[in-house]
Protein chains: 2
Amino acid sequence: MTGSTENQQAARRSDATRATILAAARERFAADGYEKATIRAIARDANIDPSMVMRYYGNKAGLFAAAVAIDPGLPSLSVEPREAIGRTLVRHFLTLWEENGELTALIRVGATDPAAAERMQSVLREQLIPLARRVGPAPEQAPARAALCASAVLGLALTRYVLRFPESMALGHNEIVDWLGPTLQRYLTAPTP
Amino acid sequence: MTGSTENQQAARRSDATRATILAAARERFAADGYEKATIRAIARDANIDPSMVMRYYGNKAGLFAAAVAIDPGLPSLSVEPREAIGRTLVRHFLTLWEENGELTALIRVGATDPAAAERMQSVLREQLIPLARRVGPAPEQAPARAALCASAVLGLALTRYVLRFPESMALGHNEIVDWLGPTLQRYLTAPTP
DNA sequence: TACGTTTGCCAACACGCGTTGACCAACAAG
DNA sequence: CTTGTTGGTCAACGCGTGTTGGCAAACGTA
């Protein structure tokens with residue numbers, strides 16, 4: 001409450017710099033992981049001084065938190081036919097992954113940083129498990145079924161976007177949907193084997 | 001040739017230290033990744049001086065290379081019935097992963113180090129693709145089918161041993177084989193969807 | 001014009017890193 | 001006992017890191 005009429009923060013002159021830093025940070029974290037993505041390198045990419053990063057984001061951990069603060073919300077799947085959920089999910093994750101590299105950064109960093117790993121786990125807990133509970137046969141199996149789906153999707157992301165196996169990068173979108181779709185469908189809805 | 005009768009290297013007094021260093025290095029690399037697993041920390045675990053690591057392994061890269069110098073050879077699958085390859089493969093990888101942590105280290109480091117990533121890729125090329133070519137329907141599809149298998153297996157390893165999702169760690173061995181077995185079986189042998 | 005705030009750059013700090021070379025103790029051979 | 005080799009410790013180097021505080025220019029306002 002500043003007493004002024006403006007309720008939300010006024011647009012500051014430095015917002016452009018803030019955004020530039022954040023964009024450079026996202027690229028560097030996605031490409032190099034946490035330790036190798038140095039503040040100096042990010043600042044060099046953004047054409048500013050390293051001390052500006054500290055001023056605007058506090059410290060390196062704060063920068064990373066701001067860089068990966070996105071929410072990969074699942075689409076409204078309630079309108080989908082139950083037999084197509086697998087394919088729809090794969091398509092959703094595929095486009096999600098290709099259009100913003102924060103998710104690649106999250107895997108790269110999560111491989112060594114427990115905090116980032118927990119952030120990924122929260123997506124599992126708050127989105128994938130509830131979905132499995134809605135569409136699956138037995139509610140108490142939802143965590144296991146969701147975990148299997150996560151392993152399938154993250155496995156593809158790992159080989160394709162992180163490790164960059166040529167054989168995995170060569171797969172076309174439709175090919176991936178055709179192969180992984182039935183897998184997720186089975187993990188979610190098939191009876192216990 | 002030293003002129004002595006012994007042809008192969010004699011057992012040296014320092015072999016115990018060498019082994020201790022290597023064991024500590026494996027644990028640290030698996031737990032922390034390449035950058036956070038410092039030579040000083042590894043030496044502290046092994047109760048020796050950091051300079052010994054340099055003397056015996058040259059430099060940090062050499063230490064890591066020695067720590068992950070293992071060959072996850074596939075068992076002789078030619079004797080297996082063709083319909084059980086999926087389940088057999090899953091069981092094989094599962095035991096492989098649990099009894100030596102080098103593979104976890106390889107994923108953790110491969111997430112940020114291209115050299116380690118290439119080492120993983122070589123397993124795909126030299127073992128999984130030939131297998132897919134032997135058991136699959138169309139030889140030219142072998143790389144794609146093998147890449148899908150790798151994504152399934154590595155995805156489970158990622159969520160279970162690297163990110164350590166509780167929901168993934170809670171899965172029992174038989175449960176994993178029952179769910180992932182048919183997936184690999186389909187990736188390897190099913191007709192193109 | 002004068003003044004306080006914002007935006008940015010520069011130089012430096014303390015720290016931990018990989019790595020090196022000098023030095024000492026234990027052992028084997030003469 | 002003497003001598004050369006091996007196993008191991010210690011202290012230090014150069015470097016890059018995250019982080020800090022001071023100072024100069026640009027800006028908005030009166």
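Every chain is numbered from 1, with letters handed out A, B, ... down the list of sequences. As a basis for the values below, the full set of heavy atoms in this structure was taken, side chains included, without hydrogen atoms, waters or symmetry mates.
Using a 4.0 Å heavy-atom criterion, one finds that A:Ser51 contacts the bases of the nucleic acid, with or without backbone contacts as well.
Out of D:dG8, D:dT19, C:dC9, the shortest distance to the side chain of A:Asn59 is found at D:dT19. Counting only heavy atoms from C-beta on, A:Ser14 has its side chain closest to C:dT7 among D:dT19, D:dG8, C:dT7. Closest to the side chain of A:Met52, out of C:dT7, D:dG8, C:dC17, is C:dT7. Nearest to the side chain of A:Lys60, among C:dT19, D:dG8, D:dG18, sits D:dG18. Considering only side-chain atoms of B:Arg40, the nucleotide from D:dT20, C:dG18, C:dG8 that sits closest is C:dG18. Across D:dT17, C:dG8, D:dG8, the shortest atom-to-atom separation from the side chain of B:Tyr56 is found for D:dG8.
The aromatic rings of A:Tyr161 and A:Trp97 lie parallel to each other, with less than 30° between the two planes, well short of the 60° mark.
For A:Tyr57 and C:dG8, the OH to P distance is 12 Å, given to the nearest whole Å. The CZ-C1' distance, from B:Arg18 to D:dG7, rounds to 11 Å in whole Å. For the pair B:Arg44 CZ and D:dT9 P, the computed distance is 14 Å after rounding to whole Å. In this structure, the CE atom of A:Met54 is 13 Å from the C1' atom of C:dC13, given to the nearest Å. Whole-Å rounding puts the A:Asn47 CG to C:dC10 C1' distance at 17 Å. The distance from atom CG of A:Asp49 to atom C1' of D:dA24 is 13 Å, rounded to the nearest whole Å. In this structure, A:Ile39 atom CD1 and C:dC10 atom C1' are separated by 17 Å, rounded to whole Å. Atom P of nucleotide C:dA22 and atom CZ of B:Arg55 are separated by 13 Å, given to the nearest angstrom.
Under a cut-off of 6.0 angstrom, the local environment of CD in A:Glu27 is sparse, with at most 12 non-hydrogen atoms contributed by other residues, nucleotides or ligands.
Remark: A:Lys36 is not positioned above the aromatic ring of B:Tyr34, lacking an NZ or CZ atom under 6.0 angstrom from the ring centre and at most 45 degrees off the axis.
Here the side chains of B:Glu167 and A:Gln121 are in contact, with some heavy-atom distance below 4.5 Å.
Screening A:Leu124, A:Leu128, A:Ile129 for a side-chain contact (heavy atoms from CB on, under 4.5 Å) involving A:Pro143 leaves a single residue, A:Ile129.
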